[in-house]
Structure formats: C-alpha cells, structure tokens
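Just below is one structure, and these are the notes that go with it.
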Amino acid sequence: MPRPTGNVRLKAARVAAGFNSQQDLADALTEHAKGMGIRGLSIGVRQVRRWESDNPPWPQPDCQRVLVHLLGQNLEALGFTPPWGAEGVAPDPIRRRPVTGGAATLGLAMGSGRAVAAAHPPTAGADFEAVTRSHRRLYWSVAPTTLHPAVVAHATLGHALLPETSDPTRRTIAVALAETYLLAGRIEFFDLSEPTTAHDTLLLALQAAGEADDALLGSAIIAHMAFVPGWAGDQEGARERMTAARTYARRAPASAEFLAWLDAVEAECETRCGDTRTALNLINHAEDVLEAGNEHPSPPWMDWFSPPRLAAFKGNTQLLAGHLPQARAALLQALEAMTPGEEKQRIVVYGDLAAVEAASGNPEEACEYAGKALDQLVLTWYATGMDRVREVRRALTPHQHERCVRDLDDRLYDWSTTLSALRR
C-alpha cells in the first residue's frame, strides 16, 4: 500500500475539523480572517494546495494567525517547517504555540508541550495569574470591546511564557492561560455575538486546560462550548458536549454549585432547542443539588453562577414554556436577590420580565421593564441582554401604535443606545 504523500499533518487536521476539501478550508480561512478582524485576507484553494504539498511554504504572518486559530494547532504540528530552524533564530510569539497536539473537535487527543529549559523565574506564574484574575474581575464593569483585546494580548503572552518555564510554574501559567481563553470566549459569545469565534477560542482554552491537566476547568470550558450548538438549535451537538463536560467533572472534586451550573447550562440548551420539559426537570435537579450541598468549594474562577442566577435560568425556561405566572415569580425572585456587580444578568432578567408582560397582554408593563434594561445597557453593554430587548419589541408588534411602544422605540433607537450597539 503506498504511503500518503504531501503535508499529511495539515490534511489530517483539515479533515478532523470538518473541512472535507481544500476549497472548504480555503473558504473557512477567508471567512475566519474577517471574524478575527484581519481585513483584506483572501485565501484560495491554490494556496491550501501548496500548504498540503510535499514542501509546504511557511505561511505569511496573517495566514499563520488564522490557521492556528481555526485548526487549534501550532504551525509545526500542522506540518510546516519554520524557516529559522537551521539558523537557530528565535520565532516570534505567534509562531510559538505551547500545545503541540490540538483538538479540532471533541474527542481528539491532546498532546503536551515539550519541556524546555526554564527561562523565567518561578514568580512568572504568579505574575501572569494575577493579571488573569484582574481581567476576570474587570469583565463585570469594563466594556467588552475594550477588555477583549487586552485579554487576547494576555493570552499571547501566556503562549510565549509557557514553553520557557518548568513545573510547577508551567502548570500555573497553563491554568491561567486556560482561564484567559475561557474569558475571551465568554466575551465573544455573550457580549459580542460571535459564536464561531467563541468556539475556536474555547478550543484553545481546552488545550491549555489539558496542558495543566485541570479536569474541572476542562469541564467548565466544554460546558461553555455546549452553548454554541445549543443556541443554534443543535440539540444533539449540545447534549454531546454536556456529556463530555459531566465526564470531566466526575474526575475532579466538583462543588454542588458547579454541578448545579452544569444542570443550568444543559437546561438553557434544551430550552433553546424547544424541550422545555427536560429543561425544567434539569433546573429542579439543580435546585436539589444546591440545597443538598457538598464539602467541595467552588473554584475562584467560577464567578458567573449563583442561586439568583439559577432562578433567572428557571424564569426564562418557564417563560418559553408558557408558564407565565411562574416565570414572573421566579424572575422577580432573581431580581430581588441580585447584588451589585451582577448588572449584566440584571439586564437579562429585565428583558425576560418584559417578555412575560408582553406575552400576558400588558404592553405598558413590558415597555417599563424593557426601558430598565435599556437604562442599564447604556452603562453596561451586553449583547445577550440587547437580544432580549429586541425579542420583546418584536412581541409588542400588535401594540406598536400605542404610546408606550412608541416611547420604547424612541429609547431603543436614541443616540446613546444606537451608538452603544454600533460601537460593538
């Protein structure tokens, strides 16, 4: 049997990522470049053919970025030989990736970065981790378009540091790098409405968590990945990722809060896929898990979930199930229990309360809650929250000639709100 020829590593990564032809990959790379903000980059099938040849040329810098981000592997792992190899010239950070065996889809094995001589002191891990922790706190108050570039730049720094450290510093940096990519993916999905980019970023987060062998962090990342198919109505894809997330959680001492959050994530995915009965059963189970508790504390990076937020999940599911009185009660309970710093979730709850009132035939009350959401959106932008307000406005179409709805339109399309939306 003849041996395969050409750059079989790139071809294998392409097929594993779901691109069956070179044309498919060329089209995906061109589109992905736009999502990454790389303007004017057009990759044709001829270029991909050259990359899959016996002697693939080293890609240009912009092509490097898109290849690595889309396929989740470094250039050497994709079969490219760096031009500095013979001369010993140090590569720049975009060419040096710590993970040598990436995963383009769930289930592919991940490899560990090769150990090298430590070039940084042990304090590098704590210093890098401190910035990650600061970014995590800033997420709740800084505009996403302002914070996101800083988070991505921090991840680039982590890639540069990781191969130049040794354990335990290396593991500290790998964990912080996974958290950094998780934060970037959350911003891309929830704040910037870029699910495809978020999936790719979360894949890099999963690779970094694999470097650190942190099963609980891996579980959190995979659960976030479930949102992407879940919100697109792909029930099977969401369930597959949730099965993987729960498998990883069993390998770690997971807190009751973490386990309840997994139920809440799966419930939201099921709700988006139209199965509100399964979703409500999951939320009931989450409430039982929280009430029972366990001896394990929640990790410090898990700052996105609490009992009030579970009540908000429940209210949204009840709303979509048509259980309007129950949804109103759950959402008001969530709103009352929220503390300062939960402004983004507060926007979502206002939006859901507005939807409850719109569905109940109460346009004035619906507009009042939608207005409160818009008040907060001017201060704290949240794409998911704005989506809720727009859904309410569509539901109010039968009442669009009423004064309260016209006033809402004036608010929805005033200068500050319009500029806030278009700046994102």
Side-chain angles (χ1 to χ4, degrees), residues 32 34-37 69 131-156 178-206 220-232 261 264-265 268-269 272 301-306 308-309 312-313 316 334 338 340-352 354 370 372-393 412 416-424:
H32 199 68
K34 296 177 184 177
M36 294 176 65
H69 202 270
V131 177
T132 297
R133 190 165 53 246
S134 297
H135 283 163
R136 192 168 65 236
R137 289 196 297 265
L138 288 169
Y139 170 73
W140 302 106
S141 59
V142 174
T145 49
T146 301
L147 182 60
H148 184 258
V151 174
V152 172
H154 187 53
T156 301
E179 291 179 34
T180 297
Y181 269 127
L182 174 56
L183 176 58
R186 284 172 54 80
I187 293 173
E188 290 158 0
F189 186 82
F190 293 111
D191 297 88
L192 304 180
S193 298
E194 298 176 357
T196 301
T197 304
H199 174 273
D200 296 339
T201 301
L202 291 170
L203 187 59
L204 295 176
L206 186 61
I221 293 164
I222 298 170
H224 275 87
M225 295 177 79
F227 281 124
V228 178
W231 284 33
W261 173 71
V265 172
E268 180 153 0
C269 292
R272 295 275 176 165
W301 41 258
M302 189 184 169
D303 58 355
W304 57 72
F305 187 70
S306 63
R309 297 189 191 190
F313 272 107
N316 178 256
M338 284 181 180
E342 295 185 284
E343 283 74 17
K344 292 185 176 182
Q345 189 60 41
R346 197 183 306 274
I347 294 168
V348 172
V349 173
Y350 280 140
D352 283 345
K372 290 181 179 180
L374 289 173
D375 288 340
Q376 190 60 56
L377 278 163
V378 172
L379 302 174
T380 310
W381 177 257
Y382 195 39
T384 302
M386 178 56 87
D387 288 344
R388 293 289 214 275
V389 176
R390 289 179 176 136
E391 289 169 6
V392 169
R393 177 57 186 87
L412 190 57
S416 59
T417 306
T418 302
L419 286 170
S420 293
L422 294 178
R423 283 195 186 107
R424 276 75 188 180

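All figures in this text were calculated on a predicted structure; none of them were measured in a lab.
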Which heavy atom of [X] sits nearest to which heavy atom of [Y], and what is that distance?
X: H135; Y: L147; value: O-CD2, 3.9 Å
X: G351; Y: A373; value: N-CB, 4.4 Å
X: Y382; Y: I347; value: CB-CD1, 4.2 Å
X: K344; Y: W381; value: CE-O, 3.9 Å
X: I187; Y: P144; value: CG2-CB, 3.8 Å
X: D387; Y: S193; value: OD2-OG, 4.2 Å

Once side chain to side chain contact (heavy atoms under 4.5 Å, CB included) is applied, do any residues pair with [X], and if so which ones, sequence neighbours excluded?
X: D375; answer: R411
X: A178; answer: A208, A209, L217, I221
X: R186; answer: Y139, W140, L182, F190, H224, W304

Please identify each residue that fulfils side-chain hydrogen bond (donor to acceptor under 3.5 Å, both in side chains) with E342, with sequence neighbours left out.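 For E342, the residues satisfying side-chain hydrogen bond (donor to acceptor under 3.5 Å, both in side chains) (neighbours in sequence not counted) are R309, T339.
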
Looking at residues at least two apart in the chain, or sitting in another chain, which of them share a side-chain hydrogen bond (donor to acceptor under 3.5 Å, both in side chains) with T132? H154, T180

What distance separates [X] [atom1] from [Y] [atom2], expressed to the nearest 0.5 Å?
X: L412; Y: R393; atom1: CG; atom2: CZ; result: 8.0 Å
X: M225; Y: T201; atom1: CE; atom2: OG1; result: 10.0 Å
X: Q345; Y: T384; atom1: CD; atom2: OG1; result: 9.5 Å
X: L138; Y: R133; atom1: CG; atom2: CZ; result: 12.0 Å
X: E188; Y: D200; atom1: CD; atom2: CG; result: 8.5 Å
X: L203; Y: Y181; atom1: CG; atom2: OH; result: 10.5 Å

Would W231 and E268 satisfy side-chain contact (heavy atoms from CB on, under 4.5 Å), going step by step from the backbone distance to the final call? CA-CA 8 Å; W231 284 33; E268 180 153 0; 3.1 Å; yes

Can you list the residues that meet the ring pair (Phe, Tyr, Trp, His ring centres under 6.0 Å) rule with H32, with sequence neighbours excluded?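 If we apply the ring pair (Phe, Tyr, Trp, His ring centres under 6.0 Å) test to H32, skipping adjacent residues, the hits are H69.
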
R346: which residues meet the salt bridge (charged side-chain N to carboxylate O under 4.0 Å, His left out) condition with it, sequence neighbours left out?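 R346 satisfies salt bridge (charged side-chain N to carboxylate O under 4.0 Å, His left out) with no other residue.
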
Listed partners of E179 passing salt bridge (charged side-chain N to carboxylate O under 4.0 Å, His left out), at least two apart: R136

Does the side-chain contact (heavy atoms from CB on, under 4.5 Å) test come out yes or no for D352 and V348, once each step is laid out? CA-CA 6 Å; D352 283 345; V348 172; 4.0 Å; yes

Taking the side chain as every heavy atom from C-beta outward, state whether M338 and V349 have any pair of such atoms under 4.5 Å apart. yes

